[in-house]
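Let me begin by presenting the structure, written as structure tokens, before commenting on it.
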Amino acid sequence: MKIQAVRGMQDLLPRQKEIYRYIEDVVRVVLESYGYTEIGVPVLESTQLFSRLVGEATDIVEKEMYTFEDRNGDSLTMRPEGTAGVVRMGQENGLLFNQIQRFWYAGPMFRHERPQKGRYRQFEQVGAECFGMAGPDIDAELLFMCQRIWETLGISDEIHLELNSMGTTESRAAYRSELVNYLEEHRDGLDKDSMRRLETNPLRILDSKVPKTQELLASAPTLTDFLDAESKMHFDQLRRLLDQNQLFYHINPSIVRGLDYYNKTVFEWVTDSLGAQGTVCGGGRYDGLVEQVGGKSMPGVGFAMGLDRLAMMLDDKFESTADADIYIASLGEPARAYALLLAEDIRGNLAHGKVVVHCAEGKLKSQMKKADASGANIALIIGEEEISKREVTVKDLQTGEQQSLNAEAVIDHLSKMLEE
RNA sequence: GUGGGCGUAGCUCAGCUGGUAGAGCUCUGGAUUGUGAUUCCAGCGGUCGUGGGUUCAAACCCCAUCGUCCACCCCA
């Protein structure tokens, strides 16, 4: 019986992992340039946190959570999203009371869905969450920040912004009942999924891809018409800020988001280049959430971006770096031992550079092959001749030129070569 | 959870109407006693996803199962 990875869990091979790290580095630099501070929150939380904050009737809570009993009988859940945990953490540690905060975090999330391209059961997210700021300027800042990340990664022309406002809980409730009334009247025109959602989550019907349902929706009441005055103003101001900064967006009234806690601004950054799982980043405002974990009422906004999907977008353009700059080949036991010492010496004296020692049997020919495959530009060769003369042969693998230097001169020479 | 495609060497794949398995890449050795990225030669490497069935005979047909991919659903 062979043991293999659990379904939906992916291994990151060296090249992939390198892409992830590159993205993380870019994201970190950009987020910190906006003054966001990094935090860490647990992967495990009590199940209640998610069922209450994300919403009992959402798909996530209903059927996608990895939930199990701890040894003492507590129900625990591996986080399916980041916001709930950050809100809990902020409240529990007193970071939110009368405070303004800008946080970011990175790490794995877990959802038990059927795996697919761009969708795994463990997936990596980077999130940003802001607290204590009610105005649209912080919403705009988050979007500028995303845009800057896309630009730095070189994928901004493949991603566009879909924007909507969901209004306050009250205005949304008013719209919801109006929509249900309308759809009840045209019940026989609905598809099966939409019929079901009419009971569970009517706003989701707006998202339906069934053409007949979409026809029906064309003359249905729209959320925009039901926005309360304040939400409307917030949305208009946000749009103005985006316009002023020439950040282009597409108003999409059917963006509703699958979590209960959103209000006012909601958005998704979407790409066509990944197939069906095109959302690369999503987020919005959640002004009522802090109150729900027992805190003083406090506005919040945030987003989460999916590293796995971003990594897929970069895959064909990304160039891996070489495994080595200097590769040391040796022949015979004394040379082999000396190679290790020399490598230590080089690493201790060079400012940067990767030094790889051939630690295995092998003829010089095969060692040189390894040197070539490693991507190194320089090979050092140490054999019996070199040992007896206290020399090291330095070979430039691009030009093929080589020379023998005495051991003391090697490091100077190498640092010059690496600088070129 | 639903639907469809695909599982053959480490990787990418070929294998006709059922007749007992092949290529390229990688790796190892040689042509070149201690010199890579080109060339040539040779070698290593397979319970044909797994279990059952049909058949004289199954990688190939049938059933089941697992995995994977794509789509639906939903989202990162």
Side-chain angles (χ1 to χ4, degrees), chain A residues 1-10 13 23 54 58-64 79-83 106-127 146 159 191-194 196-197 200-201 204-205 207-210 255-259 266 268-271 274-283 303-313 327 329-332 335 358 360-387 393-402 404:
Chain A
M1 187 171 71
K2 65 183 170 193
I3 298 176
Q4 40 192 1
V6 173
R7 178 159 217 213
M9 306 289 148
Q10 53 165 356
L13 276 30
I23 297 172
V54 174
T58 57
D59 281 10
I60 291 181
V61 172
E62 254 177 13
K63 51 191 197 198
E64 295 174 2
R79 58 178 185 193
E81 60 99 48
T83 306
M109 306 293 162
F110 302 84
R111 288 184 205 169
H112 191 103
E113 299 179 89
R114 187 101 165 227
Q116 195 180 322
K117 182 177 185 179
R119 189 170 75 184
Y120 308 100
R121 289 182 173 180
Q122 173 178 338
F123 55 101
E124 297 297 316
Q125 274 191 180
V126 171
C146 290
I159 301 182
D191 60 283
K192 227 171 61 197
D193 273 326
S194 297
R196 180 177 53 78
R197 289 196 206 118
T200 56
N201 199 344
R204 292 243 66 102
I205 299 176
D207 242 343
S208 172
K209 282 170 190 161
V210 180
I255 290 207
V256 164
R257 319 262 327 133
L259 297 75
V266 287
E268 286 182 14
W269 291 91
V270 183
T271 179
L274 290 181
Q277 309 303 323
T279 304
V280 129
C281 176
F303 65 69
M305 58 179 75
L307 286 193
D308 312 275
R309 292 180 186 174
L310 291 174
M312 277 191 281
M313 290 183 73
Y327 195 96
S330 58
L331 289 164
H358 187 92
E361 301 298 329
K363 314 200 158 204
L364 186 58
K365 184 187 172 88
S366 68
Q367 294 193 40
M368 292 303 287
K369 270 188 160 182
K370 294 281 188 300
D372 189 54
S374 77
N377 286 331
I378 302 167
L380 302 187
I381 301 164
I382 306 164
E384 279 160 29
E385 279 176 38
E386 283 86 352
I387 287 286
T393 296
V394 180
K395 178 161 186 172
D396 183 326
L397 290 174
Q398 287 180 313
T399 63
E401 286 166 15
Q402 66 179 51
S404 290

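Residue numbers begin at 1 in each chain, while the letters A, B, ... track the order of the sequences.
Atoms CD1 and CD, from A:Ile378 and A:Gln402 in turn, are 13.0 Å apart once rounded to the nearest 0.5 Å. A distance of 14.5 Å separates CD in A:Glu64 from CZ in A:Phe110, rounded to the nearest 0.5 Å. Atom CG in A:Leu310 sits 6.0 Å away from atom CD1 in A:Ile159 (nearest 0.5 Å). Rounding to the nearest 0.5 angstrom, the gap separating the CD atom in A:Glu401 from the CG atom in A:Asp396 is 6.5 Å.
One can place CG of A:Asp372 at 10 Å from P of B:rG36, the figure rounded to the nearest angstrom. The interatomic distance linking A:Leu13 (CG) with B:rC11 (C1') rounds to 11 Å, in whole Å. Atom pair A:Ile382:CD1 and B:rG34:C1' shows a separation of 13 Å (rounding to whole Å applied). One interatomic measurement links the two molecules: CG of A:Leu364 to C1' of B:rG36, which rounds to 9 Å at whole-angstrom precision. To the nearest angstrom, C1' of B:rU35 lies 12 Å from NZ of A:Lys369. Whole-Å rounding puts the A:Asn377 CG to B:rA37 C1' distance at 12 Å.
Considering all non-hydrogen atoms of both residues, A:Ala371 and A:Ala379 come closest at CB-CB, 4.5 Å.
Looking at heavy-atom distances under 4.0 Å, A:Lys370 makes contact with sugar-phosphate atoms alone, never a base. Residue-level contact check: A:Glu361 touches neither bases nor backbone, having no heavy atom under 4.0 Å from any strand.
Under the 3.5 Å distance criterion, with hydrogens and angles disregarded, no donor-acceptor pair is assigned to the side chains of A:Asp308 and A:Gln125.
Both distances falling under 3.5 Å, in either a Watson-Crick or a G-U wobble arrangement, place B:rU65 opposite B:rG49. Figure legend. B:rA42 is base-paired to B:rU28; pairs are counted as Watson-Crick or G-U wobble with both atom distances under 3.5 Å. Across every strand in view, B:rA14 sits unpaired, with no contact that passes the Watson-Crick or G-U test at under 3.5 angstrom. Remark: B:rC73 base-pairs with no nucleotide in the shown strands. Criterion, Watson-Crick or G-U wobble with two distances under 3.5 Å. Remark: B:rG36 base-pairs with no nucleotide in the shown strands. Criterion, Watson-Crick or G-U wobble with two distances under 3.5 Å. Applying the Watson-Crick and G-U wobble criteria (two distances, each under 3.5 Å), B:rA59 pairs with nothing in any strand. With a cut-off of 3.5 Å on both pairing distances, B:rA21 has no Watson-Crick or G-U wobble partner at all.
Using a cutoff of 4.0 Å between basic side-chain nitrogens and carboxylate oxygens, A:Glu113 and A:Arg119 are scored as salt-bridged.
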What N/O pairs connect the protein and nucleotides 7-9 of chain B at under 3.5 Å? Give each pair on its own line.
none

Write down the protein N/O and nucleotide N/O pairs, taken from nucleotides 31-33 of chain B, whose separation is under 3.5 Å; answer none if there are no such pairs.
none

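Side-chain atoms of A:Arg309 come within 3.5 Å of backbone N or O of A:Gly118 as a donor-acceptor pair. In this structure a side-chain-to-backbone donor-acceptor pair under 3.5 Å is missing from A:Arg121 to A:Val6.
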Exercise. Starting from the C-alpha separation in whole Å, work towards a yes-or-no answer on side chain to side chain contact (heavy atoms under 4.5 Å, CB included) for A:Ile381 and A:Gln367.
Key: CA-CA 10 Å; A:Ile381 301 164; A:Gln367 294 193 40; over 6 Å; no
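Side-chain atoms of A:Gln402 and base atoms of B:rU35 include a donor and an acceptor less than 3.5 Å apart.
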Quiz item: Reading nucleotides 67-76 of chain B from the 5' end, what letters show protein touch, with B for base, S for backbone sugar-phosphate only, - for no heavy atom under 4.0 Å?
Solution: SS-SBBBBBB
